[in-house]
Protein chains: 2
Amino acid sequence: MIAIGDVTRTLADEAYSRIRDAMHSGRLQPGQKLRFSELQELTDTSVTPVREALTRLTAEGFTELEGHRGYRVAPVSSQDLWDILRNRQRLESEALRLSIQHGDENWEAQLISAHHLLTRMDRERADLPTAADEQWEKRHAAFHEALIAACQSKVLLGFCNQLSARANRYRRLSVGVDDVPRDVRSEHRNILEATIRRDAETATDLLQEHFERTARMVDELLRHKW
Amino acid sequence: MIAIGDVTRTLADEAYSRIRDAMHSGRLQPGQKLRFSELQELTDTSVTPVREALTRLTAEGFTELEGHRGYRVAPVSSQDLWDILRNRQRLESEALRLSIQHGDENWEAQLISAHHLLTRMDRERADLPTAADEQWEKRHAAFHEALIAACQSKVLLGFCNQLSARANRYRRLSVGVDDVPRDVRSEHRNILEATIRRDAETATDLLQEHFERTARMVDELLRHKW
DNA sequence: CCGTCAAGGATTTTCGAAACTATTGCCTTC
DNA sequence: GAAGGCAATAGTTTCGAAAATCCTTGACGG
């Protein structure tokens, strides 16, 4: 049987993705109470898949649970944002350092490829509808994943994934608020170049700065909105 | 529904604890396939609580899931052990450093208290039945938690908790194999003393060494048994 | 003899209703 | 008018069985 890439998704997986997307897109607001009846409608499933999705989301910090009192979307706060950011800086820096140390040419090639795809979208991004933005998000995530992909630590990768997901949620809450027009493109390019020439010090510094700028931008909005 | 104090535990919580304990105690072996029928019997509940428990356990790395093919206890390996260990060293060292930096007298007091309770059990431990060992495990965990309790980072604490749980699983698989009779008591005392006198460098070094020795011991067994 | 395919059994996944808990609003009592 | 208890309601949690999926077995054809 040739079953490569033929992954069977359960309804629970589907529900998980949909609820997660609804939170990222703002359809479900931070702090909002989540009723099973609504989520069943949103995900077009029954109570069991919704419950499994919420259990997973809670374990990852996207929702909160109070026994017998139901779930709610995890609230946002400046404090939480910076807590996530600092740890992300710590862990992804370490992961990048390890990647630079262990990565082979194959890794380099993958990384350059991911970066190329990202730059291709950067050009068009500004005036495209949100549907294309979705695509940019994917490629952006892929690039950051590719940076640390060679770190050789499953555990570390898992933590980094979780943190970037939570950080991305914050970032997407502040879409459209570009007070400080950054040159994100060159930030990405500089990180890439330092990484390729195996300059771990510079690369990790740039990465941390990259994260910090985003966080400052999001924090700005957060203080106005909440 | 089981009510303890004013905290209401759901059957799913109960199932989670029971399955987790069964894995730690060796009742459920690494790699073993988990059938819902067995777990329903073990936890004395129905399919829904078992499913929720497994979802949580999977998110925490204790079990694994293959869509439509069921769950199994996460296998153990030397590689996984060291992956967990290295990250635990990284994260708990950082957390301890932050704790030493931010902790007040109240934290110190709590820490000393937790250590005292631990030493009280150390004396008797050797010749006590496994029931009392359970108590020692609790106090041991409490001491390590108290060390980093003042680190001011919810995210970091969460990661540390997860890693120590996974590390403890490994350690408990090798109970009874004390080839290298360590003086764990003095290791704990030295860590405590360095921490109290706010000597972060020494404290983190000792902590890392403490973890590493345990890992070496476990690894020894692992290579013989699996 | 080897590989492919289908049927049957075993197991997971999903559903809808029942059981249970928390909250709300009303009524009584002080 | 306020406080406390009681009933009704809204919501979560749990159950047991139906549906869907995977795995095994054995027959068939090349």
Side-chain angles (χ1 to χ4, degrees), chain A residues 1-20 22-23 27-60 62-75, chain B residues 1-20 22-23 27-60 62-75:
Chain A
M1 180 196 293
I2 306 169
I4 299 174
D6 173 32
V7 182
T8 53
R9 280 169 71 91
T10 63
L11 286 189
D13 293 329
E14 190 65 23
Y16 169 83
S17 303
R18 293 229 187 139
I19 296 175
R20 205 162 169 277
M23 291 192 319
R27 164 85 181 69
L28 299 174
Q29 288 290 309
Q32 179 179 340
K33 188 109 203 309
L34 295 171
R35 287 190 195 76
F36 278 87
S37 50
E38 291 176 25
L39 296 181
Q40 287 177 46
E41 200 174 350
L42 174 67
T43 62
D44 200 36
T45 62
S46 171
V47 77
T48 310
V50 169
R51 171 158 277 270
E52 178 163 338
L54 287 174
T55 304
R56 286 173 56 187
L57 288 165
T58 300
E60 292 167 4
F62 288 112
T63 53
E64 296 180 347
L65 165 67
E66 250 179 318
H68 280 289
R69 265 175 257 176
Y71 293 83
R72 60 178 57 246
V73 181
Chain B
M1 165 64 58
I2 301 160
I4 300 173
D6 59 351
V7 180
T8 52
R9 279 171 71 95
T10 63
L11 285 189
D13 294 329
E14 190 65 23
Y16 169 83
S17 303
R18 293 232 187 135
I19 296 175
R20 204 163 170 277
M23 291 192 319
R27 164 84 181 70
L28 298 174
Q29 287 290 309
Q32 179 179 339
K33 186 107 204 309
L34 294 172
R35 287 192 194 75
F36 278 87
S37 50
E38 289 176 26
L39 296 181
Q40 288 177 47
E41 200 172 351
L42 174 67
T43 62
D44 201 35
T45 63
S46 172
V47 79
T48 309
V50 169
R51 172 159 277 270
E52 178 163 338
L54 288 175
T55 304
R56 286 173 56 187
L57 288 166
T58 300
E60 292 167 4
F62 288 112
T63 54
E64 295 181 347
L65 165 66
E66 250 180 317
H68 282 289
R69 264 175 257 176
Y71 293 84
R72 61 177 57 245
V73 180

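A, B, ... follow the sequence lines: proteins, then strands. Residue 1 opens every chain. Note that the structure is a prediction, hence the values are computed from the model and not measured.
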Closest-nucleotide ordering on DNA chain C, the 5'-leading residue of B/Leu65 and A/Val47: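 Nearest nucleotide further toward 5': that of B/Leu65.
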Earlier contact from the 5' end, DNA chain C, for B/Arg35 and A/Thr45: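 Its nearest nucleotide lies further toward 5', so the answer is B/Arg35.
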Taking the side chain of [X] as heavy atoms from C-beta outward, which of [options] is closest to it?
X       : options                : result
B/Arg51 : D/dC15, C/dT13, C/dC15 : C/dT13
B/Leu11 : C/dC15, D/dC15, C/dT13 : D/dC15
B/Ala12 : D/dT14, D/dT13, C/dT12 : D/dT14

Whole angstroms only, please: what is the [atom1]-[atom2] distance between [X] and [N]?
X       : N      : atom1 : atom2 : result
B/Arg9  : D/dT14 : CZ    : P     : 11 Å
A/Glu38 : D/dA10 : CD    : P     : 15 Å
B/His68 : D/dC22 : NE2   : P     : 6 Å
A/Glu52 : C/dT14 : CD    : P     : 7 Å
A/Tyr71 : D/dA10 : OH    : P     : 23 Å
B/Leu34 : C/dT13 : CG    : P     : 12 Å
A/Asp13 : C/dT13 : CG    : C1'   : 11 Å
B/Arg72 : D/dC22 : CZ    : C1'   : 14 Å

Pair A/Arg18-A/Thr45, side-chain donor/acceptor within less than 3.5 Å: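 On atom types as modelled, these side chains do not qualify, holding no pair under 3.5 Å.
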Most 5' of B/Arg69 and B/Ser46 on DNA chain D, judged by nearest nucleotide: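 The residue closer to the strand's 5' end, by nearest nucleotide, is B/Ser46.
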Sugar-phosphate only, base, or nothing, as touched by A/Thr10 at under 4.0 Å among non-hydrogen atoms: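 Answer is sugar-phosphate: A/Thr10 comes under 4.0 Å of backbone atoms only.
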A/Glu41 CD: over 12 foreign heavy atoms closer than 6.0 Å: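 Open: at most 12 neighbouring heavy atoms sit under 6.0 Å from CD of A/Glu41.
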Side chain to side chain, [X] and [Y], heavy atoms closer than 4.5 Å:
X       : Y       : value
A/Ile19 : A/Leu28 : yes
B/Tyr16 : B/Thr10 : no
A/Arg56 : A/Asp13 : yes

